[in-house]
Colleague: 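Provided herewith is a single structure, encoded as structure tokens, for subsequent inquiry.
In listed order, ligands and their atoms are each counted from 1.
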Amino acid sequence: MAIQVNKQFLDKGQVEKMIEWLAAFGQTEHGGVTRLLYSQAWLEAQQALKNKMDQMKLQTHFDSVGNLFGRLPGTDPNGKTILTGSHIDTVVDGGKYDGAFGIIASFVAVLRLFETYGYPKKSIEVVSFCEEEGSRFPLTFWGSRNICGHYTLQRVKGILDAEGRSFLDAMKFAGFDPHAYTPPVRGDIERFIEMHIEQGKVLEKNQNQVGIVSHIVGQRRYTIQLKGESNHAGTTPMQYRKDAVTAASRLISFLTEKTNEVDTGLVATVGRLQVKPNVPNVVAGQVEFSLDIRHHQENVIDQYCGEIFAEFERVTNNLEIELFISQWMDVKPVQMDVQMGELARRIAEQKNIRYQSIISGAGHDAQVFGEVCPTTLLFVPSHQGISHSPSEFTKLDDLELGIDLLTEILYELAY
Ligand SMILES: [Zn+2]
């Protein structure tokens, strides 16, 4: 049956209406959105999206983990598929645009293409990934990592949410019975294109309308433990102390100042600090802090870690403090496809869209696909850089320009 495009999707205001429509699933009292994996709101949103895709006669299906696909079939029977979309889940009290805009942009782009040009040569599929944020269970990219074959059901056995509900139980609740699981790996994906809000201030500051992502940063996370000696704050002379707070403050100052020296694009964050016993009149015997390091080049991260950890050893030795460094995350930087980046640039220039090359400091589904097929990630501006908040906002004009660019890229690739 032929695709039926409702002409309203060609109207500019329709995009804004769709953002509001999708945001109603899981709307919070502050005007934000909470749509956690396999929750009632999540289920209703995925189902509603499927209904909308069905109405337009896209070929829809859910895979066995709840990723939703809407396919505009290509005329070439041997052609591979161009996949485009983003994630449906949100953080707790997140915004209306993170993830959702990428799905809507892809959906609208595909409908507009069909309305203008009919069926493509290569199939285009809109995807609404079931999970990316890691906001309900302690794992991320459940949707894209299943499609790319990096995860199977094995990965989530025994995992619980904050309320003690098991991952497998939650899956079953949403209608995806773990017993019916088959790995939803796709071998037919030629390329992946994701449109997303920037979640930073760079585009807005530079008054640019689109960001063409060159790299997604690598991330390492550590827990640093310092063990000294708890003692009396009044009777322990300064030279006899093994003060874990003093040591921590030196390490944190050092690691912060060192970032710029190694590379101005390098970021390092100590976001969590725990002191024991955490009492005003006791010298602290123990400190534990988190360390999050990001850059788009592995060798820069290597160099930085080498230098700070050598200094950590030196400082803690001098202060007679025991040092324990444990790493619990290591995500490699991923480069986006250079040729597709060039194509995006060329189209942006033709359309007089103000664009720039940009590095993504946040993780996205595109980094998972970037390891298995040519992948493009495009950003539209985030007002004041605010994200993961009900205040998340992008102007309609910017949303439309993003969709314009995406539509044109899909045309070049599929028609
Ligand atoms: Zn996102």
Colleague: Please verify the inter-ring angle class for F393 with H383; under 30° counts as parallel, over 60° as perpendicular, anything in between as tilted.
Modeller: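 Rings of F393 and H383: perpendicular, over 60°.
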Colleague: Assess R155 against Y151: is NZ or CZ under 6.0 Å from the centre of the six-membered ring, and within 45 degrees of the ring's axis?
Modeller: yes
Colleague: Relative to each other, are the rings of F309 and Y222 parallel, tilted or perpendicular (30° and 60° limits)?
Modeller: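 The rings of F309 and Y222 stand perpendicular, inter-plane angle above 60°.
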Colleague: Please name the pair of heavy atoms, one in S382 and one in T394, separated by the smallest distance, quoted to 0.1 Å.
Modeller: CA-OG1, 4.1 Å
Colleague: Parallel under 30°, tilted from 30 to 60°, perpendicular over 60°: which one fits the rings of F114 and Y119?
Modeller: perpendicular
Colleague: Taking the inter-plane angle between the rings of Y117 and Y415 on a 0 to 90° scale, is it parallel (under 30°), tilted (30 to 60°) or perpendicular (over 60°)?
Modeller: tilted
Colleague: Under 2.8 Å from the Zn ion (ligand 1), how many protein N/O/S atoms do you get? Just the number, please.
Modeller: 3
